[in-house]
Protein chains: 2
Amino acid sequence: MPEPRFRRRKEDRPQEITEAALTAFAEKGYAATRVDDVAKRAGVSKGLLYLYFKTKEDLFKAVIRSFVVPRIDALTTIIDNSEMSAEEFLRGPFFEFARTLPGSHISILIRLMIAEGPKHPDLLQFYWDNVVSRGLGAISELLERGVQQGEFRRSAVNELPHLFAMPVLFSVVFRSLFEKQCPDTDKLIGAQLDLLIAHMKGDVA
Amino acid sequence: MPEPRFRRRKEDRPQEITEAALTAFAEKGYAATRVDDVAKRAGVSKGLLYLYFKTKEDLFKAVIRSFVVPRIDALTTIIDNSEMSAEEFLRGPFFEFARTLPGSHISILIRLMIAEGPKHPDLLQFYWDNVVSRGLGAISELLERGVQQGEFRRSAVNELPHLFAMPVLFSVVFRSLFEKQCPDTDKLIGAQLDLLIAHMKGDVA
DNA sequence: ATAATTACTGACCCGTTAGTCAGTAATTGG
DNA sequence: CCAATTACTGACTAACGGGTCAGTAATTAT
C-alpha cells in the first residue's frame, strides 16, 4: 500500500497556516506576500487555505490575533498575580518584555500593523482594545499601585503610561528599519526607565 | 482657433506629479495607489508620468526626497544660525517642529517609510543619511553646545538624542493609527522635554 | 467490503494594473 | 507658412495573483 499523498489534519491546519503566514508577512510585508506562497510554506494547497480563511485580509487578522495578544496577556497576568513593588516590576518583567520585544518576530507584526492598520479599521479597533489599551491600562494601574503604597509620589504628568510605552515602540521601529545603526536597545529603554522612575520617586534626576 | 488640448510645461510637470503622488500615497498607501490615479490628479496622462519617472518605485523615492529632506534642512539651519541657548531652542523651534509634525502630511510619509522601507534598501540608506542621521546629529550638537556653555551638566546618558526624537516618532505613529484615542501630542512631547531638560540641568525631576 | 462523508488538491478564471508605444498635437526654428 | 522637434496622449498588453470549484483521495460509518 502506497504512502498517502496527504493526511487530513483539520485540527492543526489553522495554526500551521498562520505560522507560515507570519514568516511570509515578516519577510515580504502584507501586499507583497502571495497567498500561494503562504500555502506552500504551510505544506498545503491554496484551496485549503481558503477553506480556513475567507480572504487574505482574514488571514492577516488571524495572524495578529494569535501572536500579539498572548504576549500582552502574559504581562498583565504577571502584574495581577505578583507581589512585586512597582519599581521591581518595571525594572524586572517590564524591562525584560520591552528589551526582548524589538528583536522578536512580534516586532515585525507591529511594523505591519503600522503599515496596514489604516486600511483595516476593524483590525485597528481590535488591536486598540486588546493590545494598546490593555497595555497602557496595565502600566497605569501599576503606577497607581506604586503611589498608593507611598513608593512613588503622585506625578503631575498624566502621560506617564505613554512615556513608558514610547521607548518600546521606538526601538521596534528603529531596529526594524536601521538594524545596523540602531543604538543598543537595552540602554535606550533602560535610560528612559531610569528617567521616569527617578521622576516618580522624586529623586534628583 | 480652438483652445489647445494641453500645454507643454516640461518645467512644472515633475513637481506637479510628485505633489499629486504625495496626496495619493497619503490617502491609500503605496501598494494601493494606482499610477493612473496619480497621473489623473496631476492632470496628465500615465504615459507622461512614465516619461519623468522610470517606475512607480522611482516616483515614491522622489516624493520622499522632495518633501521630507527640506523639513530637516529648515531645522538644522535654525540651529546653526541662531544664538539661542540650548533650552530656548528645545522649548522653541524644536518643540514647535515636534508638535506640528504629527499633524502634517510629512507624518504620513514617515509612516510610509516605516511600511515600505525594508523593501527599498537604497531609499532607507538615503533616508538615514539625509534625515535621521542629520536630525540626531543636530540634537547632539545642540546638547554639546549647552554643556560647553555651562547650561547643561554632562550627562552619563549617551542615548539622549534618541530620547528627544522618541516622542516625535511615537506621536507620528500613534496619531496616524489611533487618531481618536491619541493623547494630546503637545502634552506628551512637552512632558518628555521637561523630563529631559530637567535631567540635563540636574534639577529635581 | 462498500457507501457516505469531507479534507484536500490544483487547474482555471478573471479583474486589475504597471509599464509600453505608435501616433498626435503643441511648439520652435527657418 | 512649412518642417522639424518633442511634450504629450490613450489604447493596448502582458503578467500577476486573489479567489473559485469540480474533482480526488483519505477517513469514517454501515
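In what follows, every chain begins at residue 1, and chains take the letters A, B, ... in the order their sequences are listed.
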Nearest to the S45(A) side chain among dT27(C), dG19(D), dC8(C), which nucleotide is it?
dC8(C)
Tell me the interatomic distance from Y50(B), atom OH, to dG10(D), atom P, rounded to whole angstroms.
17 Å
Using only side-chain N and O atoms of R13(B), determine if any of them is under 4.0 Å from OP1 or OP2 of dC8(D).
yes
Take atom CZ of F6(B) and atom P of dT6(D), then tell me their distance rounded to the nearest Å.
15 Å
Quick one: L48(A) CG to dA11(C) P, roughly how many Å, whole number?
16 Å
Check whether any side-chain nitrogen or oxygen of R34(B) sits under 4.0 Å from OP1 or OP2 of dT17(C), and answer yes or no.
yes
Please determine, by modelled atom types, if E159(A) and Q192(B) share a side-chain donor-acceptor pair under 3.5 angstrom.
no
R5(A) vs dT24(D): side-chain N/O to OP1/OP2 distance below 4.0 Å
no
Considering every strand and a 4.0 Å limit on heavy-atom distances, what is the contact class for F53(A): base, sugar-phosphate, or nothing?
nothing
Pair of N/O donor and acceptor under 3.5 Å linking dG10(C) base with K46(A) side chain:
no
Between dC8(D), dA7(C), dT9(C), which nucleotide has the shortest distance from any of its atoms to the side chain of V44(A)?
dT9(C)
Are the side chain of R99(A) and the backbone N or O of T185(A) linked by a donor-acceptor pair below 3.5 Å?
no
By nearest atom, which of the nucleotides dG18(D), dA26(D), dA25(C) is closest to the P4(A) side chain?
dA26(D)
Reckon Y52(B) has a side-chain N or O less than 4.0 Å from the OP1 or OP2 of dC8(D)?
yes
Quick one: is the NZ or CZ of K56(B) closer than 6.0 Å to the six-membered ring centre of Y30(B), and within 45° of its axis?
yes
Heavy-atom donor-acceptor pair, E151(B) side chain to E87(B) backbone, under 3.5 Å
yes
Ignoring backbone atoms, test whether R9(A) places a side-chain nitrogen or oxygen under 4.0 Å from the OP1 or OP2 oxygen of dA7(C).
no
Can any side-chain N or O of S171(B) pair as donor or acceptor with the backbone N or O of P167(B) at less than 3.5 Å?
yes
Euclidean distance, atom CG of residue L49(A) to atom P of dG17(D) [Å, nearest integer]:
16 Å
